[in-house]
Number of protein chains: 2
Amino acid sequence: MTNETMKIPQATAKRLPLYYRFLLNLHSSGKQRVSSAELSEAVKVDSATIRRDFSYFGALGKKGYGYNVNYLLTFFRKTLDQDELTKVALIGVGNLGTAFLNYNFSKNNNTKIEIAFDVDAGKVGTVMGDVPVYHMDELDKKVVEEGIQVAILTVPSAVAQPITDRLVQANIKGILNFTPARLNVPNSIRIHHIDLSVELQSLIYFLKHYPTDTETEEA
Amino acid sequence: MTNETMKIPQATAKRLPLYYRFLLNLHSSGKQRVSSAELSEAVKVDSATIRRDFSYFGALGKKGYGYNVNYLLTFFRKTLDQDELTKVALIGVGNLGTAFLNYNFSKNNNTKIEIAFDVDAGKVGTVMGDVPVYHMDELDKKVVEEGIQVAILTVPSAVAQPITDRLVQANIKGILNFTPARLNVPNSIRIHHIDLSVELQSLIYFLKHYPTDTETEEA
DNA sequence: TGAACTTTGTTTCTATCTTCACAAATAACT
DNA sequence: AGTTATTTGTGAAGATAGAAACAAAGTTCA
């Protein structure tokens, strides 16, 4: 039941980074222990769900006490591979892309945008928020060279598929897709879609059709 | 079973805007009919799931034929209230906020960012991408005045909760929250969280722990 | 030390969502 | 007109997720 190689539920996996971030906060505020009830209040996830989530990794807590913040943090750091840096490329330095370049992902994370690409001559050659911007023509070469595994795709949707094809060729493993395009990729490649206008639309749909209901979770 | 007031599954509701957008594309490309299999290929949702989703609204298709694009489009336009404009406020004109101001939501949608707020004196009083920027002090007054129901929250997480409290006071009904903060609101208010760094982290977790698996859907 | 309190881990139940698989209906073709 | 090919809509089964509830194990405090 507590097998290292066992697959945990996807829903649980999506919550892990949330738990991890909150534990970091607790740690830096000097807190030594925490209960599933406290965690629940903070991350807005039912306490039974949290205990269940944790239990997939074994018995991490102590009855009548709760969880030791340090122990949990160390455990999750290992589980989330926080010690191994994952190199990320940003494709498309438009408004949204620029937001990412200035967003400090590596603060709490093992994640760093190493390189960005765009076709705009005014941007190519510059360094934006610590990240060098290269021309899109160099995409294939650079991604392979740097061994980049993850791409954040913030290009116009018309070019999303051709660029994705090149990323696949260049051995990328995962794509965070912010374009409305639904991409065709071999299924060895994982894509997470974040579709801003769908998010807004569905929020509005819920407002109009599900009045005064419970909260919904994110992407 | 095909009751107008019946609540459809949340999972279905989240896919409706996706279907709607693709139908718009089909329509403008002149296509007259479409099958669930074609739709499936395009939006990457199992065809049985699509037929099931549609069936909550009644029998929209014809056996052996598929769906009439125009009919479907008209139906969804009504269902998604695309004729009634929803006013949206953008709170926090940083990098991410600016991206939204330049993102043309209203193109395919009934949604328009009407007004933006920030504390930066350099931004207050300007018009960014068609949207006037007001000082955060005017938030409460303006939101009530304009009858704004939805807010996109792109402020630093430290101020997310106090600003949310003010939005609640100003009778907002839904919030699209891009800050990492988990907001406390009365449960008459609907919040969708989009947590960019959690998205990136969980993508990476899946890459490392679920090699060569099926695709996952978005928020 | 012992009684009262706390909190986990898990068993069980329930809800929600997805997919299979196929009858029924229609379209297309000869 | 009749035969073959499509494609829907849905019953039934399966898969995944969420929450209640409680015994067991520990903590706290007098």
Side-chain angles (χ1 to χ4, degrees), chain A residues 1-3 6-16 18-19 23 26 31-69 71-72 75 202 206 209-210 213-219, chain B residues 1-3 6-16 18-19 31-69 71-72 75 187 202 206 210 213-219:
Chain A
M1 199 43 84
T2 309
N3 190 325
M6 200 192 65
K7 292 280 171 291
I8 61 168
Q10 296 218 0
T12 296
K14 285 188 177 190
R15 285 187 290 263
L16 295 182
L18 198 57
Y19 299 147
L23 288 171
L26 281 185
K31 212 155 181 322
Q32 298 288 318
R33 61 184 266 193
V34 66
S35 68
S36 62
E38 286 172 279
L39 275 166
S40 172
E41 168 59 24
V43 299
K44 310 283 187 227
V45 171
D46 186 275
S47 70
T49 299
I50 293 177
R51 292 199 299 282
R52 160 83 65 216
D53 283 347
F54 287 4
S55 78
Y56 291 116
F57 300 100
L60 304 178
K62 226 190 284 186
K63 302 189 179 187
Y65 174 88
Y67 300 90
N68 179 287
V69 172
Y71 179 74
L72 217 49
F75 184 85
S202 81
F206 282 118
H209 296 260
Y210 298 70
D213 241 329
T214 36
E215 204 182 340
T216 335
E217 79 307 327
E218 78 273 30
Chain B
M1 199 41 86
T2 309
N3 189 326
M6 199 194 61
K7 293 279 171 289
I8 62 169
Q10 296 218 358
T12 297
K14 286 188 176 189
R15 284 186 291 263
L16 295 182
L18 198 57
Y19 299 147
K31 212 156 183 318
Q32 298 287 320
R33 61 183 267 195
V34 66
S35 68
S36 61
E38 286 173 278
L39 276 167
S40 172
E41 170 57 24
V43 300
K44 310 284 185 224
V45 171
D46 185 275
S47 71
T49 301
I50 292 177
R51 292 199 300 282
R52 166 83 60 205
D53 283 347
F54 287 4
S55 79
Y56 292 116
F57 300 99
L60 303 178
K62 221 190 285 185
K63 301 187 179 188
Y65 173 88
Y67 301 89
N68 179 288
V69 172
Y71 179 75
L72 218 48
F75 184 85
N187 67 2
S202 80
F206 282 118
Y210 297 71
D213 240 329
T214 37
E215 206 182 339
T216 335
E217 79 308 329
E218 80 274 28

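Chain A is the first sequence line, chain B the second, and so forth, proteins listed ahead of strands; every chain is numbered from 1.
Distances shown here put every side-chain N or O of A:Thr49 at or beyond 4.0 Å from the OP1 or OP2 atom of D:dG18. Proximity of B:Ser36 to the phosphate of D:dT7: no side-chain N or O atom is located under 4.0 Å from OP1 or OP2. Within the 4.0 Å cut-off from OP1 or OP2 of D:dC22, not a single side-chain nitrogen or oxygen of A:Arg51 is found. OP1 or OP2 of D:dG18 has at least one side-chain nitrogen or oxygen of A:Arg15 nearer than 4.0 Å.
At whole-Å resolution of the value, NZ in B:Lys62 and P in D:dT7 are 14 Å apart. For B:Glu38 and D:dT6, the CD to P distance is 13 Å, given to the nearest whole Å. Separating the CG atom of B:Leu39 from the P atom of D:dT7 is a distance of 12 Å, rounded to the nearest angstrom. In this structure, the CZ atom of B:Phe54 is 13 Å from the C1' atom of D:dG9, given to the nearest Å. With rounding to whole Å, A:Gln32 atom CD is found 16 Å from C:dT7 atom P. Here C:dT16 presents its C1' atom at 16 Å from CD of A:Gln10, a figure rounded to the nearest Å. Atom-to-atom, CG of A:Asn68 to P of C:dT6 comes out at 21 Å; the value is rounded to the nearest Å. Atom NZ in A:Lys63 sits roughly 12 Å away from atom C1' in C:dT6 (whole-Å rounding).
The two residues B:Arg33 and B:Gly64 have their closest heavy-atom pair at NH2-O, 4.1 Å.
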- Does the pair B:Arg15 and B:Thr49 meet the rule for a side chain to side chain contact (heavy atoms under 4.5 Å, CB included), with working shown? CA-CA 10 Å; B:Arg15 284 186 291 263; B:Thr49 301; 3.4 Å; yes
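Residue B:Tyr67 is the one, among B:Tyr67 and A:Asp46, whose nearest nucleotide of DNA chain D lies closer to the 5' end (criterion: closest heavy atom).
Counting heavy atoms from C-beta outward, B:Phe57 and B:Ile8 have side chains that approach closer than 4.5 Å. When side chains are defined from C-beta on, B:Leu39 counts as touching B:Phe54, because their heavy atoms get closer than 4.5 Å.
B:Arg52 contributes no side-chain N or O that forms a donor-acceptor pair with the base of C:dT18 under 3.5 Å.
Here the CG-CG distance, from A:Asn68 to A:Leu72, works out to 8.0 Å after rounding to the nearest 0.5 Å.
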